[in-house]
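Below, chain A is the first sequence line, B the second, and so on; all start at residue 1.
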Amino acid sequence: MKFASSYEPNEYETDIYAAWETAGVFKPTIPTIPVDNNSDGVDDRFEAAGASNSRTCYSIVMPPPNANGNLHIGHGLTVALEDSLIRFHRLKGDSTWYIPGADHAGFETWVVYEKYLEKEGHTRFEYSRDELYARVWDFVQMQRGNMELQLRSLGASCSWDDLTFTLDENVVDRVYTTFEKMWNDGLIYRGEKLVNFCPKHQTAFADIEVEHKDEKGTLWEIAYEVSEVCLIVSTTRPETLFGDTAVAVNPDDPRYKDLIGKTVHLPLTDREIPIIADEHADPEYGTGAVKITPAHDFDDFEVGERHNLPRIQVISEDGHMINVPEKYNGLTTEECRKQVLKDLKAGGFLKGEKKIVHSVAHCYKCGTVLEPMLKEQWFIDVEKLAGTAIKHLENDEIKFHPESKKRVLINYLGNLKDWNISRQIPWGIAIPMFRKVTAEATDEPDWIFDRRTNLKEIEKSGVTYVRDEDTFDTWFSSSHWPIVCTDWSEENPTPYYPLNVMETGADILFAWVARMIMMGLYVTGEVPFKEVYLHGLVLDEHGQKMSKSKGNVINPIELVSKYGSDAFRLGILRGRSAGMNQAFSENSVVAGRNLCNKLWNISRLIQSTVDEEFENSDFETVLRQREQGERSAARDDGPARARREDAISNSYTTDNMGEDWICREINDCLAQIETDMREYRFAEAVETLYSTIWDKYADWFLESQKIFRNVPLLKITLEHLLIALHPFAPFVTEAIWQNLSWTEGFIITKNWPSELKFDPITAEQFENIRTIVSEVRGTLTALPGTFKSKNFPLMYDKDSLVEDNILLIKTLTRVPEINPLNGNPRGLRLALANHELYLDVPEATVEAYKGALTAKILAVGGELNALNIRMMNPNYVERAPEHLVKETRDQIKEKEALIARLKTQLELI
RNA sequence: GGACCCUUAGCUCAGUUGGCUAGAGCGUACGAUUCACAUUCGUGAGGUCACAAGUUCGAAUCUUGUAGGGUCCACCA
C-alpha cells in the first residue's frame with residue numbers, strides 16, 4: 001500500500017509542482033495571439049479554437065510582487081484567491097492563462113539599494129544616472145528568484161514562460177508608445193508646480209504616496225506693519241516668511257476691508273508685499289490674515305496663481321535656506337526657524353503663540369517630513385482620462401466585489417488632480433524626453449520626444465538635446481499591466497484582453513486599479529477587466545495590523561513548510577470576504593491541515609477496499625477490467641474522450657442505503673461551489689467542501705460503506721470530491737490522485753465532474769436512518785450511567801425501514817442488538833424519529849431520565865406555542881405566501897405529534 | 001469636514017431578493033478507545049444579532065437616529 005497513515009505535504013509538494021511544470025499544464029490551450037488569417041500553414045487546432053475564443057478564454061494577471069523581495073501574507077492571500085479561480089476554470093474546461101509578474105518596485109528597491117550603498121560607504125552622488133541604473137540592475141539580479149520559488153511553493157499554477165518583469169522591453173515600448181500618444185494629444189505637460197518632495201530621498205511623490213499624520217505644532221502670530229497700523233498673521237512656519245509675496249484676507253472680513261490693496265512691510269527684510277483678498281483666508285481661523293508663500297505651500301501656490309504672485313524659493317532640495325538674507329542663508333529649516341523666531345521676538349513682531357494639532361505630510365518610507373517644493377515636472381492632465389473612466393464605470397462595464405468600491409472609485413476619479421509622473425530616482429523607466437540645449441535654435445521646441453533613452457544626448461537637425469534625468473512613477477507603467485501582460489496590440493488584439501477579473505488589494509484601488517482603468521481605456525478603448533475583486537488586509541489574530549515593529553508578522557512560507565501549502569490556502573480563505581480587513585490565525589491553517597489529512601485517510605480507506613476487491617475477484621474479471629482500462633487510455637484526448645470518461649465514471653449502481661443519498665449530497669455540493677465561485681464566495685465554497693467531505697462523506701457514507709462496499713461508487717465519488725477540492729488544495733488532491741491505483745493523468749487537467757444519478761426517494765430514506773441513529777446516540781449519551789453500562793438493545797415494531805437496515809443501524813449506533821418487539825412496548829420510545837423504536841432500558845434508568853424528558857416536552861411546547869400564535873394572526877394567514885402558511889400548519893401537526901410521543905415515553909414508565 | 005465599511009456564540013467570521021428553531025471553524029464541557037485517520041469518533045453547553053424608533057403579517061436583513069470601532073479622501077495659515 002502506497003498510503004502512509006498520515007499526509008506529509010513536504011514529501012509531495014515540490015515534486016508535484018515540478019511534474020506539473022514539466023508537463024506544461026499551466027499553459028493556456030488556446031493561443032494567446034490570434035493567427036493572421038492571410039498567412040499560410042495555419043495550425044488547424046488553433047483555427048478551430050479561435051471560433052470559441054470569447055467563451056472559453058479565462059485570464060488573470062498577478063499583481064507583480066517585488067522582484068527581489070520575499071512574499072508576505074498578502075501575497076499568500078492573493079495566490080490562494082487567484083489560483084483557486086484559475087484552477088476552477090481550468091477544470092471547467094476554460095483555456096486559462098495566469099500570468100505571473102515581477103515588479104522592479106522603483107522606489108522600494110531604490111531605498112533598499114541606497115541603504116546598501118550607504119553601508120558600503122558610498123552615496124548616489126558619486127555615480128551617473130546610467131551607472132546607478134546598471135548597478136541596481138545587477139543588485140536586483142543577484143537577489144532575484146526567492147519570490148518566484150515562493151510562488152511555486154504556494155501552488156500558483158501560472159504560465160512561467162510568460163512572466164513579465166516591469167522593466168521588460170515590451171513594457172518599456174508600450175509605456176513609450178502611450179506617452180508619445182499622450183504627448184501628441186496634449187495630455188502631457190511640463191509644469192513648475194509644487195510637489196511633495198522628500199529631502200532625504202531627493203525625489204518627488206504623487207499625492208497618493210504621501211502619508212499624513214497628526215502632529216503637535218505651534219501657531220505663531222506675527223505682526224506685519226501697514227503704514228501706521230499692523231496686521232497680525234498666523235503661521236506654523238515662520239521660516240518661510242522670506243518667501244512671502246502677499247498677505248491674504250477674506251474679502252468679506254470687515255476688519256480688513258480697508259486694507260485690501262495696500263502693502264505691508266515684511267519683517268526682517270526690506271520688502272513690501274501687497275494685501276490681497278482671497279477666499280482662502282478663513283476669518284474664523286487664527287487672526288483671519290494669512291501670509292502667502294507660493295513656493296512652499298500648496299494652498300498658497302493656488303492663491304499665487306489666482307493673483308499672479310511671484311514665487312520665491314527659499315528652501316533648497318536638501319532642506320537648506322536659500323535666497324534669504326545673508327544671516328539665514330545656508331541654515332537648515334529648523335535652525336532658521338529658531339533664528340527667525342528669536343529675531344522676531346527681539347524686534348517686537350512676535351505677538352503670540354498657540355499649541356495646535358495639525359496634519360503633516362511624511363515620506364511613507366522614511367518618515368521624513370515632506371517639503372512642498374517648486375519643481376519642473378511632467379504631469380498628466382487627467383481630466384479627460386478620469387471622465388472617460390467614470391463614464392464606463394457608470395455604464396456598469398466592470399463588476400466590483402465588494403460592490404461599494406465602485407462608487408468610492410467614481411468619487412475619487414471625479415476629484416482627481418493632475419498626476420505627477422516624474423521621479424528623481426535612477427531605478428525606473430527613463431522618461432523619453434530630451435531638452436534642447438542649443439540656445440540659438442530658437443525655432444525648435446524646448447522638449448522633444450525620443451525613444452533613445454539609452455543615450456544621454458541626441459542630435460536632431462543640428463540641434464542638441466539632452467535626456468531628462470527623471471524616471472517614470474511606477475504606477476504609470478503599472479497602469480499598463482493588463483495590456484502588456486497579455487501582449488495586447490493594436491494589430492493583434494488578444495482574446496485574453498480584457499481580463500476576466502483583476503484581483504488585488506483594496507488598499508491600491510486608487511493607485512493601481514483606477515489608473516489601469518484610465519490607461520486601458522485610453523490605449524485600447526476597452527476596460528482592462530470585466531470584474532474586480534478586492535481583498536482586504538490580513539490582520540493578526542487579534543485584528544491588529546501586522547507590522548515589524550509590533551512583531552506580529554506572519555510569514556506565509558513558514559506556515560507552508562509547517563502545515564503544507566494546501567493547509568495554508570484553505571486556512572487563509574476561511575472566513576474571508578471581499579474588501580474586508582480580517583483577522584487570521586494559525587488555527588484556521590491547522591483546520592485546513594486536518595482536512596487534508598482526513599481526505600488522505602479517506603483515500604487510504606477506499607484504496608484498501610479496492611485492493612481487497614481486486615484480490616478477491618476472479619482472474620477473468622480482473623483481466624477484463626484491465627483491458628478496458630488500457631483500451632480507453634490508448635485513445636487520444638478530446639471531446640470523445642471526455643464523453644467516454646463520463647460514461648465509464650457513471651457506470652455504477654446504487655444498491656445500498658446511503659448510496660443515493662451521498663450522490664445527492666455531492667451533486668448539491670458541486671452546484672454550490674459553482675455558484676460560490678461565480679460570486680467570489682471563496683470561504684463559502686471551502687466551507688461546503690469541508691462539511692461534505694467530513695460530515696457527510698466520511699462520517700456517514702464511508703461508515704455505512706464499511707458494510708456494503710460498493711467499489712465503483714466509492715471510486716467515482718472519491719474522484720468527484722478530489723476534483724472539487726482541487727482548486728483550493730491542489731497538492732494533496734494531486735498526491736492522492738497519483739497514489740490511487742486506478743486513476744490516470746493529472747487531476748489538474750481533469751474535467752469538472754458531471755452530475756451523479758440517484759434515486760431521490762431512497763436518498764431521503766437515508767435521512768430517516770440518520771435521524772434514528774442520531775437520536776439513539778443522543779439518548780444513550782443523555783441517559784444516566786457510564787457508557788459501558790448502557791449497552792441496551794433496540795427494538796422495533798412493524799417498521800420495514802428499520803427491519804431492512806438492522807445491520808447498518810447497529811453499526812452506526814453500536815447498540816448490541818436490534819430485535820423485533822415481542823409483546824407490549826417497553827423501555828424508552830424514541831420520539832424525534834417518527835418510528836416505532838424502543839430502547840430496552842430498565843425502569844430505574846428511565847425514571848432517572850424523567851427530568852430531561854420533561855424539559856424536552858416543555859421546550860417543544862414552547863416552539864408549538866410560537867407557531868400557534870403565528871397562525872392565530874389573521875394577517876399572517878392572509879398575506880404571507882401560501883407555501884409558508886402551509887409549512888407552518890405542517891409544523892404544528894408535527895410538533896403536536898412529537899409532544900404526544902414524548903408523553904408516551906413518560907407514560908410507559 | 002466628506003465618503004465608505006463594520007458591530008451576530010469566549011475568539012475569528014458566514015448569514016444571497018426580509019420567511020422554518022440564526023450557522024461554521026477554533027475554543028470549551030462530557031463521553032469513547034486503537035478496526036482509514038488522536039491531525040480521530042460521539043453528544044452537549046454557549047446568542048436580548050450594539051442600542052432606540054419606524055416600515056411590515058413577519059426584521060440579524062429595509063429606513064431613520066444614537067453609541068462604539070475601522071479605512072480612505074480632503075483640510076488644517
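- A donor-acceptor contact under 3.5 angstrom links the side-chain atoms of A:Glu703 to the base of B:A36.
- The side chain of A:Asn587 sits closest to B:C26 out of B:U21, B:G19, B:C26.
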- Message: What does the 5'-to-3' dot-bracket notation of RNA chain B look like when only Watson-Crick and G-U wobble pairs under 3.5 Å count, and pairs to other strands show as |?
- Response: (((((((..((((.....[...)))).(((((.......))))).....(((((..]....))))))))))))....
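- Looking at heavy-atom distances under 4.0 Å, A:Ala583 makes contact with sugar-phosphate atoms alone, never a base.
- Within the 4.0 angstrom heavy-atom criterion, only backbone atoms of the sugar-phosphate kind lie near A:Arg870; the bases stay farther away.
- For A:Lys417, the side-chain atoms get nearest to B:C75 when compared with the rest of B:C75, B:A36, B:A14.
- B:C35 and B:C41 have their C1' atoms separated by 13 Å, with the value rounded to a whole Å.
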Output a table of nitrogen or oxygen pairs between the protein and nucleotides 41-45 of chain B separated by less than 3.5 Å.
from	atom 1	to	atom 2	distance (Å)
B:C41	OP1	A:Lys598	NZ	3.0
B:C41	OP1	A:Trp694	NE1	2.4
B:G42	OP1	A:Asp699	OD2	3.3

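- When each of B:A36, B:C20, B:C37 is scored by its nearest atom to the side-chain atoms of A:Leu702, the top-ranked nucleotide is B:A36.
- Annotation: ring pair (Phe, Tyr, Trp, His ring centres under 6.0 Å) contacts involving residues 861-891 of chain A, sequence neighbours excluded, are absent.
- Not one side-chain nitrogen or oxygen of A:Ser588 sits closer than 4.0 Å to the OP1 or OP2 atom of B:U12.
- A distance of about 16 Å separates the P atoms of B:U16 and B:C5, rounded to the whole Å.
- Regarding contacts with the backbone of B:A36, every side-chain N or O of A:Gln705 stays at 4.0 angstrom or more from both OP1 and OP2.
- Phosphate contact (OP1/OP2 of B:G25, side-chain N/O of A:Arg576, threshold under 4.0 Å): absent.
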